[in-house]
Amino acid sequence: MVCAIGNEKGEILERVSVPTQTPEITIPKLLEYFRDKEIEALGIGCFGPVDLNPLSETYGYITTTSKLSWRNYNICGQFKEHLRVPLGFDTDVNGSMLGEATWGCAKGLDTAIYITVGTGVGVGILAGGKLLHGMQHPEGGHILVPRREDDTYAGNCPYHGTCMEGLAAGPAIEGRWGKKAAELSGCPEVWELEAHYLAYAVTNYILLLSPQKVILGGGVMHQEQLMPLIREKVKQMLGGYVQTRELLHMDSYLVLPSLNDNQGIMGALKLGIDAKTRQGNGEWV
Ligand code: ZN
C-alpha cells in the first residue's frame with residue numbers, strides 16, 4: 001500500500017510503501033504516517049470489491065476480496081475515526097482512471113477506460129466525465145472470455161475459473177507456463193496468447209463503452225512486446241465494423257499509462273480533493 005502527500009496541482013511531495021499484511025498490522029502504520037501531516041483531505045483507491053454506495057450500511061467496506069483478512073473490513077471507518085478529514089473512496093483502478101483523466105492522457109475526455117493487468121485484472125471506467133459506479137462498481141476484469149482452442153490452462157479465478165483474470169493475470173501466466181511472467185520475456189508464444197486475451201477483452205470494452213481512449217497498465221504491461229500485438233489483434237477482432245478517427249491511430253488510442261506509474265496515487269489525491277470540495281459545498285462526504 002502506498003501512502004503519499006500531494007497538492008491540488010497533482011504534485012506528489014512525499015510517499016512511503018507499506019506491505020499489505022493483515023488490517024490489524026497494516027492500518028495502524030498507515031494512520032501513523034498521516035497523523036502529524038496536517039492533511040486537509042484523504043483519498044483512498046482501494047483493492048476491491050468495495051462498497052461505494054453511500055446509502056449502504058457497509059459503505060466504505062472492502063467486501064468479497066480474495067485477501068481473506070480484509071474481507072468485510074470497514075477501511076473508511078478507520079480513517080474517518082482517526083483522521084477526521086473529508087474522505088474520498090473508490091477502487092484502485094478507478095483511482096488510476098481518475099489520475100489519467102485529471103492529469104494524464106485522458107484529460108478532457110468524456111469516456112475512457114483504464115485496464116490494469118498484474119496480480120489481477122481490473123477495469124476503471126470514466127463515462128460522461130465521471131467514474132462509473134452503478135450498483136457497486138464495474139468488475140471488468142472478470143468478464144467471461146472463451147478459452148482459446150490451443151490453450152489447455154484451466155484458469156485460476158476462484159469464482160469463475162476461466163474469466164479474463166483467471167486466464168490473463170500474472171498468476172495465470174505463471175500457472176500456465178510454469179515461470180513468472182518476468183522470466184518469460186523471450187518466449188513469443190506466451191505474449192501472443194496473452195495479447196489474444198487482452199485484445200479480446202479490449203475489443204468487448206470498445207464495443208460496449210465506445211471509449212475515446214483505452215489505457216493498459218499494471219505489471220504485465222511492462223512487457224514491451226505486448227502493446228503492438230494487442231493493437232494489431234484489436235484491429236482484427238473489430239473487423240472494420242467500428243470506424244472512427246481514434247481507431248485509425250491505434251498508437252495514440254490504445255496506450256500505456258502516462259504518469260510514470262503515479263496514476264493511482266494521483267487519482268487518490270484527486271479523490272481527496274473532490275471530497276474536500278464536496279464538503280465545502282455542504283454536500284455529502
Ligand atoms: Zn473471475
Side-chain angles (χ1 to χ4, degrees), residues 1 20 45-53 56 58 61-73 75 89-97 113-127 131-181 184 190-209 211 214-223 226 230 233-234 237 264:
M1 292 183 173
T20 306
C46 186
F47 61 84
V50 294
D51 187 343
L52 298 179
N53 177 0
S56 162
T58 53
Y61 279 56
I62 300 170
T63 59
T64 48
T65 174
S66 51
K67 298 179 177 66
L68 292 180
S69 64
W70 293 84
R71 197 169 274 186
N72 302 317
Y73 181 72
I75 187 162
F89 183 57
D90 215 309
T91 62
D92 44 7
V93 68
N94 259 348
S96 295
M97 180 67 258
I113 64 173
Y114 185 103
I115 305 155
T116 182
V117 192
T119 53
V121 179
V123 181
I125 299 171
L126 185 79
L131 295 173
L132 185 64
H133 285 167
M135 60 179 178
Q136 178 186 267
H137 50 77
E139 278 289 354
H142 291 263
I143 60 168
L144 306 182
V145 297
R147 191 170 59 177
R148 205 167 75 174
E149 285 160 16
D150 59 343
D151 182 15
T152 55
Y153 182 59
N156 68 351
C157 174
Y159 291 92
H160 319 110
T162 58
C163 67
M164 189 59 204
E165 178 171 304
L167 287 172
I173 299 174
E174 187 177 350
R176 180 186 291 113
W177 302 97
K179 279 185 190 171
K180 287 201 181 302
L184 293 160
V190 171
W191 305 107
E192 192 278 323
L193 184 64
E194 181 70 9
H196 167 83
Y197 287 127
L198 292 176
Y200 202 100
V202 167
T203 301
N204 280 324
Y205 303 142
I206 291 172
L207 293 168
L208 187 66
L209 297 160
V214 176
I215 307 164
L216 273 158
V220 170
M221 289 309 300
H222 288 154
Q223 290 290 329
L226 258 180
I230 298 169
K233 286 175 187 288
V234 167
M237 288 178 186

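Both ligands and their constituent atoms are indexed starting at 1 by order of listing. Just so you know, residue 1 is the first one in the sequence shown, and it goes up from there.
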**Q** Return each pair, listed once, that meets salt bridge (Lys or Arg N to Asp or Glu O under 4.0 Å) where at least one residue sits in residues 167-178; pairs must be two or more places apart or across chains.
**A**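 Salt bridge (Lys or Arg N to Asp or Glu O under 4.0 Å) check on residues 167-178 returns Asp151-Arg176, Glu174-Lys180.
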**Q** If I take atom OG1 from residue Thr91 and atom CG from residue Leu131, how far apart are they, to the nearest 0.5 angstrom?
**A**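 Atom-to-atom, Thr91:OG1 and Leu131:CG are 7.5 Å apart.
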**Q** Does the side chain of Gln136 reach to within under 4.5 Å of the side chain of Asn53, using non-hydrogen atoms?
**A**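 In short, these two side chains do not touch, never coming nearer than 4.5 Å.
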**Q** Under a plain distance cut-off of 3.5 Å, with no hydrogens placed, do Thr63 and Asp51 share a side-chain donor-acceptor pair?
**A**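 Side-chain D/A pair, Asp51 to Thr63: absent.
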**Q** May I ask you to list the protein N, O or S atoms found at less than 2.8 Å from the Zn ion (ligand 1)?
**A**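 Sorted hits: His142 ND1, Cys157 SG, His160 ND1, Cys163 SG.
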**Q** Quick one: pull up CE in Met97 and CD1 in Ile125 and give me the separation to the nearest 0.5 Å.
**A**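 Rounded to the nearest 0.5 Å, the CE-CD1 separation comes out at 10.0 Å.
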**Q** Could you tell me whether the side chain of Phe47 reaches within less than 4.5 Å of the side chain of Met1, counting heavy atoms only?
**A**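 Sidechains of Phe47 and Met1: in contact.
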